[in-house]
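Worksheet for the structure shown next.
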2 protein chains.
Amino acid sequence: MSQGNGMRAEENDGGQCVVRLEPSERTVEVPVGTLLEEAISQAGLHVPLPCGGQGRCGRCVVQVREGSVRRRSALRLSEDDIQQGYALACQTLVNEDVTVWVPPHEEQIQRLEAGDRAEKAAPEVVLCEHPGKPWIERYHVTVEPPTMGDNTPDFERLKRELTSQHGLRDVRPTLTALAKLPKVLREGEWTVTVEVEQGNSDSPDGPYRLLDVLPGKAETQVLGLAIDIGTTSVATYLADMRDGRLLDHASAFNNQIACGEDVISRIVYARQPGHREELQGRVVATINALMDDMLARQELAPEQIALAMVAGNTTMTHLFLGLEPQYIRLEPYVPAAGRFPPLPAARLGLHMHPDALVDCLPAVGAYVGGDITSGLLRTGMYEEEALTLFIDVGTNGEMVLGNSEWLITCACSAGPAFEGAGATSGMPAVTGAIEQVWIDPRTLEPTWTTLGDAPPLGICGSGMISLLGEMMVTGVIDKSGRVAVDGRSPRLRRSEAGPEYVVAWAADTETGQEDIVLTETDIQNLLRAKAAVYAGATVLCESVGLAITDVERVLIGGGFGRHIDVEKAIQLGLLPDMPWDRFTYLGNTSIQGAYLALTCRDSRAQVDDLAGKMTYLELSADNRFMDAFTSALFIPHTDESLFPSVQQTLAELRAQGESGS
Amino acid sequence: MSQGNGMRAEENDGGQCVVRLEPSERTVEVPVGTLLEEAISQAGLHVPLPCGGQGRCGRCVVQVREGSVRRRSALRLSEDDIQQGYALACQTLVNEDVTVWVPPHEEQIQRLEAGDRAEKAAPEVVLCEHPGKPWIERYHVTVEPPTMGDNTPDFERLKRELTSQHGLRDVRPTLTALAKLPKVLREGEWTVTVEVEQGNSDSPDGPYRLLDVLPGKAETQVLGLAIDIGTTSVATYLADMRDGRLLDHASAFNNQIACGEDVISRIVYARQPGHREELQGRVVATINALMDDMLARQELAPEQIALAMVAGNTTMTHLFLGLEPQYIRLEPYVPAAGRFPPLPAARLGLHMHPDALVDCLPAVGAYVGGDITSGLLRTGMYEEEALTLFIDVGTNGEMVLGNSEWLITCACSAGPAFEGAGATSGMPAVTGAIEQVWIDPRTLEPTWTTLGDAPPLGICGSGMISLLGEMMVTGVIDKSGRVAVDGRSPRLRRSEAGPEYVVAWAADTETGQEDIVLTETDIQNLLRAKAAVYAGATVLCESVGLAITDVERVLIGGGFGRHIDVEKAIQLGLLPDMPWDRFTYLGNTSIQGAYLALTCRDSRAQVDDLAGKMTYLELSADNRFMDAFTSALFIPHTDESLFPSVQQTLAELRAQGESGS
């Protein structure tokens with residue numbers, strides 16, 4: 001029953017074959033029928049799997065130079081590509097000994113990480129106005145030295161004095177503190193400094209925990225860490241726990257990005273055995289690297305970090321804790337938990353005090369997570385009378401509508417475009433990112449500003465918004481986002497990827513290697529993202545019988561950049577057409593909220609309250625959302641009457657152009 | 001300034017040299033001036049260091065076959081030995097490239113471990129009569145499946161039902177249970193079995209902890225483990241937590257024994273960097289091996305073990321938890337803590353449920369530890385009116401005197417002789433151990449019984465007592481323990497180690513390799529041990545104004561064997577001369593108490609109460625103890641009038657001998 005070459009080879013299982021990898025010259029022996037991606041992974045190399053290995057994105061392409069393989073799928077590959085041996089590593093099985101060329105994909109990520117760690121302006125942090133009970137207190141204690149007449153054990157001696165000198169009843173030792181106590185007591189000649197946790201989110205009034213003990217009257221700092229685990233990037237703020245002062249901050253791409261670019265791809269990736277552990281390991285490694293950097297810079301020790309407060313979307317929190325994320329993806333979209341137990345750092349492998357608690361902020365549902373409850377805390381809108389819309393634009397777009405009386409929330413998938421990932425020249429808001437663009441309407445030549453005033457490396461979210469707005473008003477793109485390659489400028493051209501606009505020529509960039517461009521495909525991604533956000537906001541208002549124009553204040557959070565150009569965002573149709581002074585851009589609200597909870601116990605308790613109060617509107621079950629989304633896919637919108645100020649601007653520009661020409 | 005060969009070499013530091021080890025053929029490169037013991041250790045081999053590397057015991061002897069070394073000490077080595085290259089590994093520095101022969105010391109320990117794991121009669125366990133609240137409860141729960149209308153997260157759904165169906169409020173998830181919950185709920189089609197901890201020793205009425213969740217209505221066992229960490233041996237009992245049934249038991253030498261035979265040597269050993277971690281690793285490995293064996297035998301999984309209760313002397317508990325033990329050894333003898341925080345198994349690296357708590361029973365002082373508070377629980381004497389003396393004879397001899405009104409305790413160093421270590425032919429009470437001996441007074445030929453009726457391997461504690469008593473009444477030894485090598489029998493002979501009595505000829509033993517003997521040195525060790533115990537008991541009674549003869553009951557615990565021959569123990573002067581029916585041998589009271597606390601929450605709470613109630617008498621500060629000890633170094637005692645029954649027996653025997661001859 002011969003069925004041609006491909007099928008014959010398929011029957012040849014049971015044997016082993018050798019996979020030779022170029023240019024690394026590594027080899028690995030695997031059973032016939034093994035996925036190329038697995039063979040590559042076993043050899044210690046990686047191909048990116050942004051779609052989670054589903055054969056959709058084409059990013060794991062490799063070239064088979066010798067030997068035969070079987071392709072389960074060849075989506076995104078032309079007949080010509082296949083002839084030349086190109087194959088998707090996630091969809092291709094090894095038939096016999098093969099030689100495969102694996103392109104060095106990781107270069108871009110490494111470059112951006114390096115860029116991100118470069119210095120940038122210190123972020124603002126919001127501190128709580130009411131000084132609540134601190135998480136950690138320090139006390140100096142002098143203990144009576146033991147004698148043969150009273151040789152009570154060290155801990156019980158210390159405990160006795162903590163009660164009599166400082167009124168602390170029921171102090172429990174951590175293992176770390178207990179293990180060092182005897183030496184420290186004697187080194188300090190019976191005077192020591194103790195670090196006592198006053199309760200935690202799991203037991204706010206629970207027993208005191210003795211976290212650390214230092215000889216003599218020590219004055220070293222007690223540190224806390226706020227962590228924002230985004231799908232695309234991870235941000236960390238290091239706090240002095242005595243006064244809430246921000247000591248340092250660092251951020252980087254989430255290392256999980258190699259396993260999928262959005263939460264759905266990561267969840268799909270997590271289905272394979274061992275992948276949940278891998279994803280957990282990757283985000284823990286990302287956080288550890290950031291912490292190690294900050295501690296080294298500040299000359300501080302990991303053991304000084306006594307508490308970590310973590311904000312992440314529901315999927316990120318699940319993957320960080322090693323929880324099963326599968327049912328977040330499947331209807332009816334159910335997370336493993338909404339509140340998460342605080343865990344000792346040692347359990348998670350974080351480089352801090354082994355007994356310090358790592359506390360994840362609560363989620364409201366599958367797509368409204370700790371990043372939103374945290375961001376909501378930051379906004380303070382739950383204490384105001386004004387009807388406020390809070391929009392967090394990340395890889396997902398989540399929003400909360402309400403005031404001191406009520407809160408309603410929803411989420412829509414925006415994709416990573418506004419976070420600088422998934423676009424040809426996209427990058428996060430770090431040094432070298434183009435953040436503002438102006439296009440000369442006659443020459444179509446752009447001018448730009450970059451973060452850190454460095455030569456441009458790429459375009460961040462705020463740069464994308466600015467650029468798109470300019471392209472729209474200068475007619476470089478039409479209402480549906482199509483690029484007019486009409487010979488008006490060499491910057492408008494048709495490349496292999498389709499029509500595109502060149503923002504910066506290679507010679508003007510930091511690397512000097514490649515032009516910085518915005519392609520028509522990039523624009524379509526951005527349009528889908530902006531349409532999702534606008535549609536979400538509309539439907540959220542409608543669900544409580546209001547129009548979007550009833551909103552008195554719009555608060556915007558996200559990782560766009562230092563600020564958002566509200567005018568351009570309205571021109572684009574991302575934000576509703578309202579007076580500019582109703583908008584406030586707050587930056588990364590997720591980490592700011594985590595920082596607030598880290599530095600104030602009352603604020604941490606407030607987050608639990610808020611999570612309980614929010615009503616969750618499920619958009620995927622809502623037909624109104626699909627209608628609103630489709631209508632919002634144009635610039636600014638199918639219904640132009642919703643954007644009167646944009647119509648007016650366009651009319652004015654047209655008039656200027658006519659009078660100028 | 002030439003000072004001869006040895007001194008010149010001493011100056012040659014800074015360089016490297018190669019140490020070649022025979023017979024293993026391993027080599028290791030180390031700096032000149034490195035201790036041989038360290039070089040051997042770096043090569044992955046071990047020499048025993050019973051004295052903690054102080055050069056006192058001579059057990060780490062090796063032979064330097066090529067190259068020069070420098071001996072810091074050569075205690076226990078003759079001029080001849082030194083000529084032949086023998087050296088103490090713990091006291092010898094490498095001068096240049098050397099070849100060293102390392103004798104395969106570990107053989108004996110391995111042999112005994114194998115013997116110990118062989119089958120023996122199941123031990124008795126005492127269960128609590130009042131069925132208290134269990135530590136762990138199991139519930140079957142059916143949860144409403146989620147819908148788009150109610151997609152509350154899995155844990156919160158389950159929690160809701162635990163409250164409404166079973167009245168459990170405030171259930172907290174462990175990470176392990178949370179990580180598996182989503183899959184288990186769906187696999188069980190929304191019916192699951194949950195395992196809930198009802199509180200623990202740290203928070204007896206604290207929140208419930210969700211330990212495990214299983215699909216459907218599961219009937220697998222919930223297990224608990226009682227652990228007795230002795231200086232010499234470790235014993236473990238595996239319990240069914242539903243009914244307290246003993247499922248299996250196993251014991252072995254404590255792997256720490258290679259680092260010192262008594263607590264003092266271990267504490268000295270722990271002073272070097274990394275040694276505290278090594279000691280902790282060794283005892284954890286010992287326990288894990290025992291657990292793995294039992295679980296494999298019973299076809300059970302490590303995750304089923306939901307609680308461990310640990311009893312050990314203060315030093316053993318410190319080393320198990322990785323606490324600093326140094327100040328236990330130094331006046332005024334202060335432990336790091338008396339009560340120890342229960343810790344999750346994952347933190348300690350034990351092969352059980354990662355979130356299961358490992359609970360160490362409290363200590364009263366540096367030398368009255370959790371083994372004694374545990375043993376006291378087992379005796380029940382704290383509920384009786386009768387004045388009771390409880391003696392636990394292990395590597396240390398500890399005792400408690402009192403009744404339901406008061407309790408006083410003390411400890412004295414007995415050495416490991418009664419636990420079968422430290423004597424030429426000593427072994428623990430496992431299969432093949434000689435446990436009873438009779439000597440024919442005319443021929444001096446012995447007959448014996450062994451545990452498991454196996455050919456003899458060595459002599460356990462009860463065998464030592466039986467043998468010594470026989471040797472005394474047959475005149476083989478005199479009152480001071482000297483062996484009469486008088487030609488009456490070939491069994492009385494003078495070996496390299498001095499005078500000795502041959503209990504079994506090599507041909508009659510299990511291995512056929514070596515005679516089983518009791519040497520005069522062994523006897524001196526046993527006499528010191530028995531004198532310490534008797535002196536302790538005397539001084540304890542005197543300290544409360546009583547005579548030892550006022551004691552109404554004597555309860556004996558320890559690892560002697562299946563029983564103690566009270567007649568012989570009195571003849572020897574180990575136990576006071578009282579009617580035999582006042583004595584009860586309870587076996588290993590430490591593990592029995594741990595088992596009781598493991599299977600009954602009220603009993604666990606009782607141990608904390610008892611620890612608080614006991615008055616600790618410090619013998620090392622007590623001159624009366626040294627006097628009493630010196631007087632007790634004879635058999636049965638310097639003051640024979642304290643042992644009237646022994647005098648009578650000796651008189652009778654003498655009369656028999658005279659009439660028989």
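A note on names: the letters A, B, ... follow the listed sequences, proteins ahead of strands, and every chain is numbered from 1. Because only heavy atoms are used, hydrogens play no part in the values below, and waters and symmetry mates are left out as well, while side chains stay in. Note that the coordinates shown come from a computational prediction; the quantities given were computed from them, not determined experimentally.
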Can you tell me which portion of [X] sits under 4.5 Å from chain B's heavy atoms? Options are side chain, backbone, both or neither.
X      : result
A:T314 : neither
A:Y333 : both
A:L178 : both
A:L343 : side chain
A:D150 : neither

Okay, side chain of B:R347, backbone of A:L175: is any donor-acceptor separation there less than 3.5 Å?
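No; zero donor-acceptor contacts below 3.5 Å.
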
If we define contacts as heavy-atom pairs under 4.5 Å, which of [options] has the most with chain A?
options                        : value
B:Q326, B:R172, B:K159, B:E618 : B:R172
B:R339, B:E331, B:E324         : B:E324
B:A366, B:G149, B:P173, B:G338 : B:G338

Do you know which two heavy atoms are closest between B:P182 and A:A336, and how far apart they sit?
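Residues B:P182 and A:A336, closest heavy atoms: CG-CB, 3.5 Å.
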
In Å, rounded to the nearest 0.5 Å, how long is the span from OH of B:Y327 to CG of A:N151?
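These two atoms lie 15.5 Å from each other.
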
Segment of B:L321 engaging chain A (4.5 angstrom heavy-atom cut-off):
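Both parts, backbone and side chain.
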
Please flag which part of B:R186 lies under 4.5 Å from any non-hydrogen atom of chain A: side chain, backbone, both or neither.
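For B:R186, side-chain heavy atoms alone lie under 4.5 Å from chain A.
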
Between chain B and each of A:P344, A:P153, A:P146, count heavy-atom pairs under 4.5 Å; write down the option with the most.
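The option with the most such pairs is A:P153.
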
Please indicate whether A:N623 has more than 12 foreign heavy atoms, meaning atoms of other residues, nucleotides or ligands, lying under 6.0 Å from its CG.
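Counting other residues, nucleotides and ligands, CG of A:N623 stays at 12 neighbours or fewer.
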
